[in-house]
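Quick notes on the structure that follows.
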Amino acid sequence: AEVLVPTRRRLTEMPKGTPREVDVDGHRVELTHLDKVLYEDSGFTKAQMLDYYSRIADVMIPHIKDRAVTLKRYPHGAGGQFFFEKNCPDYRPKWMKTVGIYAESSEREVHYCVINDRASLIWLVNQSTIEFHAPMALRRTIDRPRAIVFDLDPYIYAGSESKGAEPALSRKAFANKDGLWKRLRK
């Protein structure tokens, strides 16, 4: 059986299970364990994940470009144990960009991966990175966010609130003297 692997303009076929070096926009990237199942329920493989990220790269990269990205890696698939990785792996390709940011909590510089191109994205996906967490600030101005995001998780009904109270509670959380809630609704 054949699986698809990413290239810039079109997809090419590659035998399952065989590590291969491919050209991704002028960079050599070794792809391994292509038949590894990442999502047990659907049988979705690493090769399919690589294909997916290659297809969305042109849309995704502008949103994470020039940012210090934290990786969420799943070496045993999405249902297995995962870990967050802030330091870009030491064994990364020479062309992979990084940015050093001092972390007060550990009193040392952390060298984050910077994903400015498809090759960097594909290399990291091949390392079983499924999620990419990018800050709202660019790497050179990490102390100046360019956007603000409100993560409004679904309200959990505790039973003591009246029916329909959750939207009012959310609005109350954003209400202030400047009418932030009213401006958000426009």
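Every value quoted in this text rests on a predicted model; they were computed, and no experiment measured them. In what follows, residues are counted from 1 in the order of the sequence shown.
- Side chains of E131 and Y74: a donor on one and an acceptor on the other come within 3.5 Å.
- Under the 4.5 Å side-chain criterion, counting only non-hydrogen atoms from C-beta, V29 is in contact with W95.
- A donor-acceptor pair under 3.5 Å is absent between the side-chain atoms of K65 and the main chain of I115, judged by distance alone.
- Side-chain atoms of V24 and L121, non-hydrogen and from C-beta on, never get closer than 4.5 Å to each other.
- Distance alone, capped at 3.5 Å, places no donor-acceptor pair between the K46 side chain and the L31 backbone.
- With a 4.5 Å cut-off on side-chain heavy atoms, F83 and K72 do not count as touching.
- R67 places a side-chain N or O within 3.5 Å of a backbone atom of M136 that can act as its donor or acceptor partner.
- Centroid-to-centroid, the aromatic rings of Y53 and F132 come within less than 6.0 Å.
- Here the side chains of V69 and V114 are not in contact, with every heavy-atom distance at 4.5 Å or above.
- A heavy-atom distance below 4.5 Å is found between the side chains of N87 and R108.
- For the residue pair P62 and A57, the shortest heavy atom distance occurs at CD-O, 4.2 Å.
- For F82 and H76, the distance between ring centers is not under 6.0 angstrom.
- Summarising the geometry, atom CZ belonging to R73 is positioned 7.0 Å from atom OG belonging to S128; distances are rounded to the nearest 0.5 Å.
- Looking at heavy atoms from C-beta onward, C113 lies in side-chain contact with P89 at the 4.5 angstrom threshold.
- Remark: the backbone N or O of T45 is paired with a side-chain donor or acceptor of Q48 at under 3.5 angstrom.
- The closest donor-acceptor contact from the side chain of N116 to the backbone of D66 lies under 3.5 Å.
- Rounding to the nearest 0.5 Å places OG1 of T129 at 10.0 Å from CE of M49.
- Here the straight-line distance linking atom OG1 of T98 with atom CD of E109 works out to 9.0 Å at 0.5 Å rounding.
- By the 4.0 Å N-to-carboxylate-O rule, R118 lies close enough to D58 to be salt-bridged with it.
- I130 and F84 end up in the same hydrophobic cluster when Ile, Leu, Val, Met, Phe, Trp and Tyr side chains are linked at under 4.5 Å.
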I would like to know whether E30 and R20 meet side chain to side chain contact (heavy atoms under 4.5 Å, CB included); could you show each step before the answer? CA-CA 5 Å; E30 184 179 31; R20 294 291 169 124; over 6 Å; no
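- Looking only at atom types and distance, the side chain of S120 has a donor-acceptor partner in the side chain of D117 under 3.5 Å away.
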